[in-house]
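Working notes, structure below.
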2 protein chains.
Amino acid sequence: MGKPCSSCAHREIAEWSVLKGAAVAHLDDARRSRHFLAGEAIYHEGDEATGVYCVSSGLVGIRKVDPDGESVLLRLVRPGQTFGYRSLLTGTPHGVSAEALKEGSICQVPAATVHRMAAENPALVMAFFRHLAQDMADAENKVMETVTASCRVRFLRLLLAFGGEADGDAGTRVSLELPVSRQDIASLIGVRSETMSRVIRAIEAEGLAHFKGRHVDIPDARRLADESFGSLAA
Amino acid sequence: MGKPCSSCAHREIAEWSVLKGAAVAHLDDARRSRHFLAGEAIYHEGDEATGVYCVSSGLVGIRKVDPDGESVLLRLVRPGQTFGYRSLLTGTPHGVSAEALKEGSICQVPAATVHRMAAENPALVMAFFRHLAQDMADAENKVMETVTASCRVRFLRLLLAFGGEADGDAGTRVSLELPVSRQDIASLIGVRSETMSRVIRAIEAEGLAHFKGRHVDIPDARRLADESFGSLAA
DNA sequence: TCGGGGTGTTGATTCAGATCAATTTCAGCA
DNA sequence: TGCTGAAATTGATCTGAATCAACACCCCGA
């Protein structure tokens with residue numbers, strides 16, 4: 001059932017890093033790894049939380065759908081990151097759904113184990129608090145962006161985020177792979193896929209970036225970064 | 001310096017309700033109450049956290065401004081609620097600013113006290129976690145709304161939220177006071193104030209609600225609620 | 001009583017992005 | 001290897017909300 005947590009490649013990233021000695025063994029003992037195909041649902045909005053999830057490989061999307069069926073991709077969860085802890089710790093049903101966007105395996109730590117560990121180890125709760133605080137900050141930024149920035153700017157910023165903050169001083173060449181489909185990218189910035197296509201075409205035409213399938217080549221990351229700040233230089 | 005926390009009207013609402021006996025006395029001893037006029041800043045984005053705030057009376061607005069000066073009102077904090085705990089507990093600068101929207105008094109519990117209490121009382125951290133989890137859920141809903149709903153619908157939902165969930169079965173008459181200026185309401189739903197005016201005029205014309213200054217009268221809350229779900233009946 | 005600034009309203013116009021409707025491209029698979 | 005359905009592109013058109021520009025209102029202080 002995969003490598004033990006103690007030797008997990010991502011061990012120091014996730015909240016579990018605050019656990020020591022015996023607790024890690026317990027974690028290892030309790031967790032169950034499961035394989036997911038792209039598109040498979042991990043849990044749905046309204047489900048009761050049955051544990052905390054930890055992405056081992058692949059990519060997870062956190063989604064929310066409104067009554068009319070409109071679906072918005074709220075954020076991505078990458079290997080080494082946890083999710084689903086919020087509902088578990090507060091004892092409320094999931095307010096969002098989670099699905100695998102890329103095939104991969106995901107560990108689940110059962111509710112009882114998490115609760116016991118949280119009770120014994122306040123630092124673990126604090127670690128989850130930090131994670132949630134970061135997610136909240138991201139959510140606030142997202143609200144700001146959707147309200148104030150054009151879809152073009154939002155997309156440029158997303159590109160920069162995907163490319164990592166590798167913006168060297170001068171014109172740095174960056175190339176990267178889009179982690180998800182264009183439809184999902186559109187959903188991530190809150191526009192229609194048709195609009196997404198047009199935005200990409202425009203950016204391509206300006207030479208800001210070059211797109212081929214999921215591969216993106218950015219000749220001058222600095223220029224792109226400048227553009228992404230609503231035509232306002234630093 | 002105001003009533004002691006132990007007899008604060010809002011005591012059972014705030015996170016402090018998990019504290020017992022001596023801890024409450026400590027809280028009382030350490031907290032400082034300060035009066036704020038409408039418009040006064042409590043803290044700014046980027047400031048270091050110096051304590052946790054608790055609204056005793058008045059109304060507080062949490063705001064975020066982007067580099068171009070665009071400002072968005074993210075949420076309101078009402079009497080009995082705490083704010084500013086996120087930055088304090090994570091030890092990061094404030095990512096948002098807080099200002100008094102209505103005159104009132106606000107208690108501050110200094111950083112050292114909060115840290116000590118959090119260390120001694122894991123339930124307090126958990127209480128803040130719950131608060132943050134709720135705020136996060138609200139933020140996610142807000143992202144959904146701004147992406148999927150028209151400004152008209154967003155405003156109707158806000159009205160319902162202000163009116164409390166007092167939607168009796170049939171046509172219930174609800175009347176309420178808008179807690180903030182129309183400019184701020186516009187900022188809260190992410191539209192221009194001109195648009196806000198027009199939306200209000202349209203709603204008035206349809207007889208969905210009647211506006212006079214900050215007073216709102218909703219003859220049939222049920223009808224308004226129905227309208228607020230993108231013309232999709234339950 | 002007369003400004004005067006903040007708050008709100010109204011109108012004309014523009015524009016970003018949605019919507020509707022066809023294709024085209026491509027990956028998976030029999 | 002060709003079929004099939006999903007993903008992506010493209011075009012034409014429409015529209016919700018922003019923008020630009022006046023103007024009304026109202027509370028407050030001189």
Side-chain angles (χ1 to χ4, degrees), chain A residues 37-40 61 66 68-73 99 101-103 145-156 158 177-206 209-216 227 230-231, chain B residues 37-40 61 66 68-73 99 101-103 145-156 158 177-206 209-216 227 230-231:
Chain A
L37 296 174
E40 268 191 278
D66 77 359
D68 321 330
E70 278 280 9
S71 140
V72 174
L73 192 52
E99 76 185 73
L101 293 178
K102 288 170 115 154
E103 177 181 7
E145 277 199 1
T146 49
V147 166
T148 65
S150 69
C151 66
R152 180 177 196 277
V153 166
R154 277 180 278 159
F155 177 65
L156 290 177
L158 187 65
E177 292 293 318
L178 296 179
V180 293
S181 73
R182 290 182 184 203
Q183 283 192 152
D184 284 337
I185 288 180
S187 175
L188 212 41
I189 63 177
V191 299
R192 296 287 159 197
S193 61
E194 296 98 314
T195 301
M196 193 73 266
S197 270
R198 288 181 239 270
V199 167
I200 287 175
R201 185 152 52 97
I203 288 169
E204 177 101 45
E206 290 175 68
H210 184 248
F211 298 82
K212 177 163 234 167
R214 287 195 178 182
H215 187 80
V216 186
E227 287 257 5
S231 66
Chain B
L37 296 174
E40 269 191 278
D66 77 358
D68 322 330
E70 279 280 10
S71 140
V72 173
L73 192 52
E99 77 186 71
L101 294 178
K102 289 170 116 154
E103 177 182 7
E145 276 197 2
T146 50
V147 165
T148 64
S150 69
C151 65
R152 179 179 197 276
V153 166
R154 278 181 276 159
F155 177 65
L156 290 177
L158 187 64
E177 293 292 317
L178 296 179
V180 294
S181 74
R182 289 180 185 206
Q183 283 191 153
D184 284 338
I185 289 181
S187 175
L188 212 41
I189 62 177
V191 299
R192 296 287 159 199
S193 61
E194 296 98 312
T195 301
M196 191 74 265
S197 270
R198 288 182 238 270
V199 168
I200 287 175
R201 186 153 52 95
I203 288 169
E204 177 101 46
E206 291 175 66
H210 184 248
F211 298 83
K212 178 163 235 169
R214 287 195 177 181
H215 187 81
V216 187
E227 287 257 4
S231 67

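Scope of the values below: all heavy atoms of this structure, side chains included, with no hydrogens, waters or symmetry mates. So that the names make sense, note that chain A is the first sequence line, chain B the second, and so on, each numbered from 1.
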**Report entry** Separation of C/dT7 C1' from B/I185 CD1 (nearest whole Å)
**Finding:** 13 Å
Query - Separation of atom CZ in A/R154 from atom P in C/dA16, rounded to whole Å - result: 13 Å
Query raised in the report: Mind checking what makes side chain to side chain donor-acceptor pair (under 3.5 Å) contact with A/Q183, not counting sequence neighbours?
Result: none
Query - Ion pair check, B/R201 and B/E206, cut-off under 4.0 Å - result: no
Report summary line: Between NZ of B/K212 and P of D/dC25 the distance, given in whole Å, is 14 Å
Report task. Find the distance B/R192:CZ to C/dA12:P and express it as a whole number of Å. Result -> 22 Å
**Report entry** Nearest-Å distance for atom pair CD/P, residues A/E145 and C/dG17
**Finding:** 13 Å
Query raised in the report: Is the closest side-chain heavy-atom distance between B/M196 and B/I189 below 4.5 Å?
Result: yes
Query raised in the report: Salt bridge between A/R192 and A/E70, side-chain N to carboxylate O under 4.0 Å?
Result: yes
**Report entry** Letter per nucleotide, 5' to 3', of nucleotides 6-11 of chain D [B base touched, S only sugar-phosphate touched, - untouched; heavy atoms, 4.0 Å]
**Finding:** -SSBBB
Requested in this report: Indicate yes or no: at least one non-hydrogen side-chain atom of B/E177 is less than 4.5 angstrom from one of B/V216.
Outcome: no
Requested in this report: Give a yes or no on whether a salt bridge exists between A/E204 and A/K212, defined as a side-chain N under 4.0 angstrom from a carboxylate O.
Outcome: no
